[in-house]
Amino acid sequence: MRKKEVGSVPQPQQFEGGVTLEDVRQGLGKTLAEEGSRPLLRLTDEELAALNPAAERSIVAAPHLEGMSAQEREWVLATALRSLVSRDLVDIANAAVLDVALEEKDDSAEVELDMRLSPDLELALALRGAAERVLAVERTTSAGTEYVYVYLHTPELLLVEQVTGGGMHSLSLVATVQEAVETIRRLVDPQEVAGHDGRPQELDPRALERDAIDPPLKHVIDNALVVGQLVLLAETPGPLVMTYATAEELWVVNVDAPDAPTGVTARSVGRQTLVDRIAQMMASPV
């Protein structure tokens, strides 16, 4: 197999015709307000990696690609690129040049792909790359780990990316914060056990090891069937929330800020309190 370097796909701030990302945000916000949220694309780990193979490690999990060797990764990325082309998501503008390169004898030759993206794919990559704040959610059960990423643009425009344990990424344009909140609530509380608000329990950030935690939280952690982690990714690090759902109740551990000497609390919560806490994490900064 001939070695070749694949050019990375830019995350555009400007679209064709001089349309800026801000123009797109405003236009999409109005459209979603009138027509409602809609699915955008489904992509695999390897398809996303093929679109930008030279990028640094993404904030988004790629469970299918993790653990692959460099050779295996090269194979699956080549196949993924074929898949993108076959689904009319990508057009290779310099396909003839690539064909010539593949017939040459020089294994050190590098050919950069000239990829033209479909409008939906261009939009998805732009919204993924340009969000200043992202709410990252991880849910772990005995069946494995799943993820949700909410790219926060405006209250009327959010991109929600759901990632399965098998590395399938479903991207949707969402019209309201409330709808995104409900997606996350169902993820961390699938059995709807969040039933009542308990009294807050102050925790010592310096002693959060399992054996140092007092009951009843220790009992909840030991018996949790669903463990969630929510973190706000932004220029200024946001809060961290852990959720522990047993067969009977759901507890939330809230960390106000990284490495803070105080501000770590835990308590059982009801459904509305859980919803309110997720919404607070998505709220625009003051």
Side-chain angles (χ1 to χ4, degrees), residues 59-61 133-152 155 158 160 162-163 165 176-286:
I59 63 169
V60 178
R133 297 180 303 126
V134 181
L135 182 61
V137 185
E138 177 180 310
R139 192 274 298 275
T140 302
T141 68
S142 59
T145 303
E146 298 179 39
Y147 311 84
V148 170
Y149 300 88
V150 182
Y151 302 87
L152 302 158
L158 303 93
V160 175
Q162 301 182 64
V163 187
T176 67
V177 171
Q178 291 78 9
E179 186 174 342
V181 167
E182 182 60 17
T183 296
I184 296 173
R185 187 201 66 78
R186 291 195 301 266
L187 187 76
V188 300
D189 187 20
Q191 302 303 318
E192 300 192 352
V193 296
H196 66 280
D197 292 341
R199 179 177 299 178
Q201 175 182 335
E202 294 285 342
L203 301 179
D204 184 349
R206 297 163 298 180
L208 292 180
E209 293 82 6
R210 174 183 166 279
D211 292 338
I213 297 175
D214 295 329
L217 178 57
K218 182 176 182 297
H219 174 78
V220 170
I221 292 175
D222 288 344
N223 291 277
L225 302 176
V226 181
V227 177
Q229 175 179 287
L230 295 76
V231 60
L232 183 64
L233 305 176
E235 183 176 351
T236 300
L240 167 69
V241 168
M242 297 292 299
T243 62
Y244 299 92
T246 68
E248 292 117 11
E249 59 183 340
L250 184 143
W251 276 62
V252 164
V253 177
N254 183 81
V255 181
D256 286 342
D259 303 320
T262 59
V264 181
T265 59
R267 65 165 173 162
S268 61
V269 298
R271 174 176 177 147
Q272 190 57 51
T273 298
L274 176 61
V275 165
D276 291 344
R277 186 67 190 97
I278 298 170
Q280 288 168 6
M281 296 187 77
M282 292 191 198
S284 299
V286 178

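- Contact annotation: the side chain of R199 never approaches that of S268 to less than 4.5 Å [non-hydrogen atoms, C-beta and beyond].
- A salt bridge is defined here as a Lys NZ or Arg NE, NH1 or NH2 lying under 4.0 Å from an Asp or Glu carboxylate O, and R271 with E249 fails to meet this definition.
- With a 4.5 Å cut-off on side-chain heavy atoms, L217 and L203 count as touching.
- Within the 4.5 Å cutoff, the side chain of L152 has heavy atoms near those of the M282 side chain.
- Between the side chain of T183 and the backbone N or O of E179 there is at least one donor-acceptor pair closer than 3.5 Å.
- Between the side chain of D197 and the main chain of G270, a donor-acceptor pair closer than 3.5 Å is present.
- The side-chain heavy atoms of I184 and L135, taken from C-beta on, include a pair separated by under 4.5 Å.
- Taking each heavy atom of A194 and L274 in turn, the nearest pair found is CB-CD2, 4.5 Å.
- A donor-acceptor pair under 3.5 Å links the side-chain atoms of Y149 to the main chain of A61, judged by distance alone.
- Neither side chain, D276 nor Q280, offers a donor N or O lying under 3.5 Å from an acceptor on the other.
- Pairing each heavy atom of A180 with each of L158, the nearest pair is CB-CD2, 4.3 Å.
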Check the pair Y244, L250 against side-chain contact (heavy atoms from CB on, under 4.5 Å), reporting the backbone distance first and the verdict last.
CA-CA 6 Å; Y244 299 92; L250 184 143; over 6 Å; no
Evaluate the side-chain contact (heavy atoms from CB on, under 4.5 Å) criterion for residues E146 and T140: first the C-alpha distance (whole Å), next the side-chain angles of each, then the deciding distance (0.1 Å), finally the verdict.
CA-CA 7 Å; E146 298 179 39; T140 302; over 6 Å; no
Would you please test I278 and L230 for side-chain contact (heavy atoms from CB on, under 4.5 Å) and show each step?
CA-CA 8 Å; I278 298 170; L230 295 76; 4.0 Å; yes
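- Annotation: side chain of V252 is not in contact with side chain of R267 (no heavy-atom distance under 4.5 Å).
- The two residues A266 and V253 come nearest to each other via the heavy atoms CB-CG2, 3.8 Å.
- The shortest distance between side-chain heavy atoms of V269 and W251 does not fall below 4.5 Å.
- Counting heavy atoms from C-beta outward, V134 and I59 have side chains that approach closer than 4.5 Å.
- Panel note: side chain T141, backbone V226; no donor-acceptor pair is recorded below 3.5 Å.
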Given the rule in the side-chain contact (heavy atoms from CB on, under 4.5 Å) test, do V227 and R139 qualify, once you have shown the distances and angles that lead to the verdict?
CA-CA 6 Å; V227 177; R139 192 274 298 275; over 6 Å; no
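- In this structure, E202 and V264 approach most closely via the heavy-atom pair OE1-O, 3.7 Å.
- Defined by atom type and a distance below 3.5 Å, a donor-acceptor pair is missing between the side-chain atoms of N254 and T265.
- Contact check on R185 versus E192 returns a salt bridge, with a Lys/Arg side-chain nitrogen under 4.0 Å from an Asp/Glu carboxylate oxygen.
- At a threshold of 4.5 Å between non-hydrogen side-chain atoms, the residues V255 and P239 do not count as touching.
- Crowding of Q191 atom CD: a count of heavy atoms from other residues, nucleotides or ligands under 6.0 Å not exceeding 12.
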